Amino acid sequence: MSMNPVRIGALALFLIAALLFASSFAMDVGEPMFGDVSTVFVPRIFLIAWMVLAALIAIVAGGDREADGVFAGVAWRRLWIIIAIVAVAAVAMMEVGFVFACLPAFIVFVAVFGYRRYGVTIVVGALFVFALWALFLEVFRLPLPISPWFGTL
């Protein structure tokens, strides 16, 4: 199995997920917060899926390719803007809550990709953010950062 940039990246992602998965057991102490499952149950499911996908990419990654050929189509400026959006949203989430951080982040994210129908973006973004909010709070029973203005948003 030759090592090309895609395979190296996939293996690095697998290693990151494996380390996060292993560290989740250090957080699983005492009684679970919500009955039979602890707060790290759902993140472990996502980490397992992450590891499986990274392993599959590492297995099926093509033969020897040069880095220029693999990364020639990457829009680096857009990638760094998206990383900045995610970082700002993560910090804002701790200050203003999940909903008030994610909705503007979603709108800016979609605009970065060139979609300019803002009315549709706001409606779809609100539906998406509230659906995620309901999924985490009602289905997974995982607490989200709370807005200082409203007790549950």
Side-chain angles (χ1 to χ4, degrees), residues 5-6 8-61 70-153:
V6 174
I8 293 169
L11 292 173
L13 287 171
F14 181 88
L15 180 62
I16 291 168
L19 290 172
L20 288 170
F21 183 80
S23 72
S24 74
F25 290 96
M27 296 176 219
D28 197 11
V29 293
E31 289 295 315
M33 288 179 65
F34 302 106
D36 294 341
V37 286
S38 71
T39 55
V40 292
F41 177 72
V42 173
R44 284 183 189 148
I45 293 171
F46 289 122
L47 289 169
I48 290 169
W50 176 353
M51 288 187 291
V52 168
L53 292 173
L56 287 173
I57 291 170
I59 291 168
V60 300
V70 173
F71 299 111
V74 174
W76 292 104
R77 182 171 171 253
R78 183 181 289 174
L79 177 64
W80 286 112
I81 291 171
I82 290 167
I83 290 170
I85 292 168
V86 170
V88 168
V91 171
M93 197 177 297
M94 302 313 284
E95 296 298 321
V96 298
F98 178 80
V99 172
F100 292 119
C102 287
L103 185 56
F106 178 83
I107 293 167
V108 173
F109 180 84
V110 170
V112 166
F113 276 92
Y115 192 75
R116 300 286 186 248
R117 295 180 62 190
Y118 295 112
V120 173
T121 301
I122 290 170
V123 170
V124 170
L127 291 173
F128 177 70
V129 168
F130 281 107
L132 275 176
W133 174 77
L135 177 71
F136 276 90
L137 285 179
E138 302 301 325
V139 177
F140 295 148
R141 301 271 186 214
L142 294 173
L144 293 171
I146 298 172
S147 167
W149 302 293
F150 303 99
T152 59
L153 295 176

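The first residue in the sequence is number 1, and the count goes up from there. Keep in mind that what you see is a predicted model, and the values were worked out from it rather than measured.
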Practice task
Test Glu95 against Phe100 for side chain to side chain contact (heavy atoms under 4.5 Å, CB included), laying out the working first.
Solution key: CA-CA 9 Å; Glu95 296 298 321; Phe100 292 119; over 6 Å; no

If you compare all heavy atoms of [X] against all heavy atoms of [Y], which two are closest, and at what distance to 0.1 Å?
| X | Y | value |
| --- | --- | --- |
| Tyr118 | Tyr115 | CE2-O, 4.4 Å |
| Ala58 | Leu11 | CB-CD2, 3.8 Å |
| Leu13 | Trp50 | O-NE1, 3.3 Å |
| Ala101 | Ala89 | CB-O, 3.7 Å |

What distance do [X] atom [atom1] and [Y] atom [atom2] have between them, rounded to the nearest 0.5 Å?
| X | Y | atom1 | atom2 | answer |
| --- | --- | --- | --- | --- |
| Phe128 | Thr121 | CZ | OG1 | 13.0 Å |
| Leu132 | Leu137 | CG | CG | 10.5 Å |
| Phe113 | Ile82 | CZ | CD1 | 3.5 Å |
| Leu103 | Leu127 | CG | CG | 10.0 Å |
| Leu19 | Phe14 | CG | CZ | 10.0 Å |
| Leu15 | Met51 | CG | CE | 11.0 Å |

Problem - Side-chain heavy atoms of Val86 within contact of Phe109, under 4.5 Å - result: no

Practice task
Side-chain contact test, heavy atoms from C-beta onward, threshold under 4.5 Å: evaluate it for Cys102 versus Phe106 and give yes or no.
Solution key: no

Exercise for the section: Let me know which of Ile81, Ile83, Val88 forms a side chain to side chain contact (heavy atoms under 4.5 Å, CB included) with Ile85. Expected result: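 Answer to the side chain to side chain contact (heavy atoms under 4.5 Å, CB included) test with Ile85 among Ile81, Ile83, Val88: Ile81.
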
